[in-house]
Amino acid sequence: MATFISHSPAQTAALGEQWGREARRGWLVGLSGGLGAGKTLLAAGLARGLGVTARVQSPSFALVNEFRDGRLPLFHLDLYRLDTRQDIIAAGLEQYLDRPDGVAVVEWIERWLQERSWPAGRGVRCRRVSIKTMGETDREISYEDFGG
Ligand SMILES: Nc1ncnc2c1ncn2[C@@H]1O[C@H](COP(=O)(O)OP(=O)(O)O)[C@@H](O)[C@H]1O
Ligand SMILES: [Mg+2]
């Protein structure tokens, strides 16, 4: 497990950008952390690292935003409004979570993982990310890779 202390929005975005440059097909990046933690900002940095030029905003209402103009397809999901696994499946999002055909970055991943484990056991490469708000502009970003 690695821990990164970010002191600014720019540092959080830069961390995401670095991850985007290293990303490989089939990667599932699951983000946890309260509202305003910086999940969307980290996802936006990752998009930039993949070469996505479009502006990345919170997909809270759309549930999933797809970006096809980068080095790999990027699927940005926000499960905040979906309470159960059934809701997530009914919304048609399972395909992105089980074995993404590209890179899936998922805000509120814990909504999907209730009573269920990461798809790492089925060969999917996963990064579990947890962001803690430590102050106005300080964030503790810890992450761990498994599977794949
Ligand atoms: N170090 C930091 N990293 C990320 N965001 C920060 C940081 N410091 C302040 N912020 C602010 O926190 C907010 C994070 O918003 P956002 O990325 O939408 O969070 P989330 O998606 O987790 O709700 C932004 O307004 C951003 O400017
Ligand atoms: Mg968000």
Distance from [X] atom [atom1] to [Y] atom [atom2], nearest 0.5 Å?
X      : Y      : atom1 : atom2 : value
Ile141 : Gln11  : CD1   : CD    : 9.0 Å
Lys132 : Glu140 : NZ    : CD    : 4.5 Å
Ser58  : His76  : OG    : NE2   : 6.5 Å
Leu46  : Leu74  : CG    : CG    : 6.5 Å

Side chains of [X] and [Y] in contact at under 4.5 Å (non-hydrogen atoms):
X      : Y      : result
Arg127 : Trp19  : yes
Thr137 : Ser8   : no
Leu82  : Arg111 : no

For Ala44, check side-chain contact (heavy atoms from CB on, under 4.5 Å) against everything at least two apart and list the hits.
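For Ala44, the residues satisfying side-chain contact (heavy atoms from CB on, under 4.5 Å) (neighbours in sequence not counted) are Val56.
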Report yes or no: does Thr133 contribute a side-chain atom to a donor-acceptor pair with the main-chain N or O of Gly135 at less than 3.5 Å?
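Judged by distance alone, no pair lies under 3.5 Å.
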Would you say the side-chain atoms of Arg71 pair up with the backbone N or O of Gly20, donor to acceptor, closer than 3.5 Å?
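Present.
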Test side-chain contact (heavy atoms from CB on, under 4.5 Å) applied to Val106 and Leu31, step by step
CA-CA 6 Å; Val106 184; Leu31 311 177; over 6 Å; no
For the pair Trp108 and Tyr80, name the ring-plane relationship: parallel under 30°, tilted 30 to 60°, perpendicular over 60°.
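Trp108 and Tyr80: tilted rings.
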Would you call the rings of Tyr96 and Phe75 parallel, tilted or perpendicular, where under 30° means parallel and over 60° means perpendicular?
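Correct class here is tilted.
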Hphob cluster co-occupancy, [X] + [Y], side-chain heavy atoms under 4.5 angstrom:
X      : Y      : value
Tyr143 : Phe146 : no
Trp27  : Val129 : yes
Leu97  : Leu72  : no
Val124 : Val105 : no
Met134 : Leu15  : no

Using a distance-only test with no angle check, is there a side-chain donor-acceptor pair under 3.5 angstrom linking Asp138 and His7?
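Short answer, yes.
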Does the side-chain contact (heavy atoms from CB on, under 4.5 Å) test come out yes or no for Arg24 and Arg125, once each step is laid out?
CA-CA 9 Å; Arg24 285 192 279 149; Arg125 198 163 159 256; 3.4 Å; yes
How close do [X] and [Y] get, counting heavy atoms only, and between which atoms?
X      : Y      : result
Ser6   : Thr12  : OG-OG1, 2.7 Å
Ala120 : Cys126 : N-SG, 3.8 Å
Arg139 : Ala37  : NE-O, 2.8 Å

Hey, which of Leu93, Val64, Leu113 is the one that makes side-chain contact (heavy atoms from CB on, under 4.5 Å) with Leu79?
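Checked Leu93, Val64, Leu113 against Leu79; only one passes side-chain contact (heavy atoms from CB on, under 4.5 Å): Leu93.
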Which pairs pass side-chain hydrogen bond (donor to acceptor under 3.5 Å, both in side chains) with one or both residues in residues 29-54, sequence neighbours excluded?
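Listed once each, the pairs are Glu17-Arg48, Ser32-Glu110, Thr40-Glu107, Thr53-Asp69.
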side-chain contact (heavy atoms from CB on, under 4.5 Å) between Leu77 and Ile109, worked out:
CA-CA 9 Å; Leu77 282 72; Ile109 187 71; over 6 Å; no
List the steps and the verdict of salt bridge (Lys or Arg N to Asp or Glu O under 4.0 Å) for Asp145 and Arg128.
CA-CA 6 Å; Asp145 289 334; Arg128 176 191 2 227; over 6 Å; no
Yes or no on side-chain contact (heavy atoms from CB on, under 4.5 Å) for Asp98 and Arg122, after CA distance, side-chain angles and deciding distance?
CA-CA 9 Å; Asp98 255 5; Arg122 283 176 283 110; 3.4 Å; yes
